[in-house]
Amino acid sequence: MRTPATPQAIVTGHSRGLGEAIAADLLGRGIAVLGLSRATNEALAGRYPGLLQQTALDLADTAHLQAWLQAGTLARFTEGAERVLLVNNAGVVQPMGAAGILDAAQLAQAVALSVTAPLLLANALVASTDDKVQRRVLHVSSGAARKPYAGWSVYCATKAALDMHARASQLDEVPGLLISSVAPGVIDTEMQSDIRAASEDDFPLRARFEALKREGQLESPVEVAHKLVDHLLSPAFGVEAVVDLRELASA
């Protein structure tokens, strides 16, 4: 039996947090990674000089992202690959608050980063690769995509958009494309720090997230990344368009 070729991976938001942990896990398995983030990750570059490529790119700048895609860097990275992974991890929880008090520029940036960029990258990946190439697209979603929270109208909406994109894309039945939107659980990252720093007027459930931190109920990015990558590489990936990683772990 032929062994599947080692895949290549594109990871957004690889400079810190969960994205850094996902990139590190993939690199540790010998998988070449193209990291896309506003800042490069020098620590990862030092550990994996032959496997990590990086592009400093503001994914919230849609015009800049489109120009980068047109320049062909993504196509060159995937050239000759038999399997390509795309992990759309980059996203933000801001702005928090009710309609009418949100900063318009911050709201537009959140949608551009958390929705427009993942959809553009998924589209470009499929367009730049042959149908014989196995393409696996993982959107990092959230439980907030499936349950509304006061103060999180933008965050809930952007994550729900990723869920629906995965669902509809599955119906398109594009040859060689497997796609899933995966909620990873509550992770101890800077995003959680932002949530705990919010005012209760903007996010009424702040105390609940403070308790999760205080009681040690936040998972580490390294542990979650390992589970995500295990799922991404498994035969089960793409069977369900929308997945909760915690339910997979308990199954």
Side-chain angles (χ1 to χ4, degrees), residues 4-92 108-140 158 162 165-166 169 174-181 225 228-229 232-233:
T6 301
Q8 294 172 244
I10 302 103
V11 180
T12 67
H14 77 295
S15 63
R16 60 183 182 174
L18 180 61
E20 179 180 34
I22 292 170
D25 194 279
L26 289 163
L27 290 163
R29 300 177 194 230
I31 297 172
V33 170
L34 172 61
L36 306 178
S37 186
R38 284 186 299 174
T40 57
N41 191 316
E42 297 311 311
L44 282 182
R47 288 166 58 193
Y48 301 100
L51 284 178
L52 177 64
Q53 296 183 39
Q54 303 185 81
T55 296
L57 184 65
D58 184 357
L59 294 166
D61 186 336
T62 301
H64 190 191
L65 174 57
Q66 288 178 301
W68 179 81
L69 289 170
Q70 290 169 2
T73 303
L74 181 66
R76 287 190 293 273
F77 177 75
T78 60
E79 188 175 2
E82 294 183 25
R83 289 200 297 163
V84 182
L85 318 172
L86 169 61
V87 181
N88 283 313
N89 161 77
V92 288
Q109 282 188 327
V111 174
L113 173 64
S114 303
V115 181
T116 305
L119 269 58
L120 283 173
L121 287 166
N123 182 68
L125 175 63
V126 175
S128 64
T129 50
D130 189 272
D131 286 350
K132 295 179 181 178
V133 177
Q134 186 184 93
R135 288 77 60 99
R136 295 189 174 208
V137 176
L138 188 157
H139 296 322
V140 176
T158 56
L162 296 182
H165 178 259
S169 295
V174 176
L177 176 63
L178 297 173
I179 184 168
S180 186
S181 191
L228 274 175
V229 174
L232 176 59
L233 298 175

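Here CG of Leu121 is found 7.0 Å from CG of Leu74. Values are rounded to the nearest 0.5 Å. One distance of note links CZ of Arg136 with CG of Leu86; it measures 13.0 Å at 0.5 Å rounding. Put simply, CG on Leu69 and NE2 on His64 are 10.0 Å apart, with the number rounded to the nearest 0.5 Å. How far CG of Leu119 is from NE2 of His139: 6.0 Å, rounded to the nearest 0.5 Å. Rounding to the nearest 0.5 angstrom, the gap separating the CG atom in Asn41 from the OH atom in Tyr48 is 11.0 Å. To the nearest 0.5 angstrom, Gln8 atom CD is 10.0 Å from Glu79 atom CD.
For the pair Ser15 and Ser37, the tightest heavy-atom approach, listed with the atom from each and the gap, is OG-OG, 3.0 Å. Phe77 approaches Gln53 most closely through the heavy-atom pair CD1-NE2, 3.5 Å. Closest heavy-atom contact between Ala56 and Thr40: CB-CG2, 4.4 Å. The heavy-atom pair separating Ala110 from Thr158 by the smallest distance is O-CG2, 4.3 Å. Closest approach of Ala90 to Thr12, counting heavy atoms only: N-OG1, 2.9 Å. The two residues Ala112 and Ala60 have their closest heavy-atom pair at CB-O, 3.4 Å.
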Can you check side chain to side chain contact (heavy atoms under 4.5 Å, CB included) on Asp130 and Val133, steps first, answer last?
-> CA-CA 5 Å; Asp130 189 272; Val133 177; 4.2 Å; yes
What's the verdict on side chain to side chain contact (heavy atoms under 4.5 Å, CB included) for Ile179 and His165, showing C-alpha distance, side-chain angles and the deciding distance?
-> CA-CA 9 Å; Ile179 184 168; His165 178 259; 3.7 Å; yes
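Between Val174 and Ser169, the closest side-chain pair of non-hydrogen atoms is not below 4.5 Å. By the 4.5 Å heavy-atom criterion applied to side chains, Val33 and His14 are not counted as neighbours. Residues Leu27 and Arg47 are not in side-chain contact: their nearest non-hydrogen atoms beyond the backbone lie 4.5 Å or more apart.
Each of Ile31, Ile22, Leu85 was checked for a side-chain contact (heavy atoms from CB on, under 4.5 Å) with Val229, and the lone residue meeting it is Ile22.
Within 6.0 Å of atom CD in Gln66, more than 12 heavy atoms from other residues, nucleotides or ligands are found, so the atom counts as buried in its surroundings.
In this structure, Asp61 has no salt bridge (charged side-chain N to carboxylate O under 4.0 Å, His left out) partners at least two apart in sequence or on a different chain. In terms of the side-chain hydrogen bond (donor to acceptor under 3.5 Å, both in side chains) criterion, Ser128 has no residue partners (sequence neighbours excluded).
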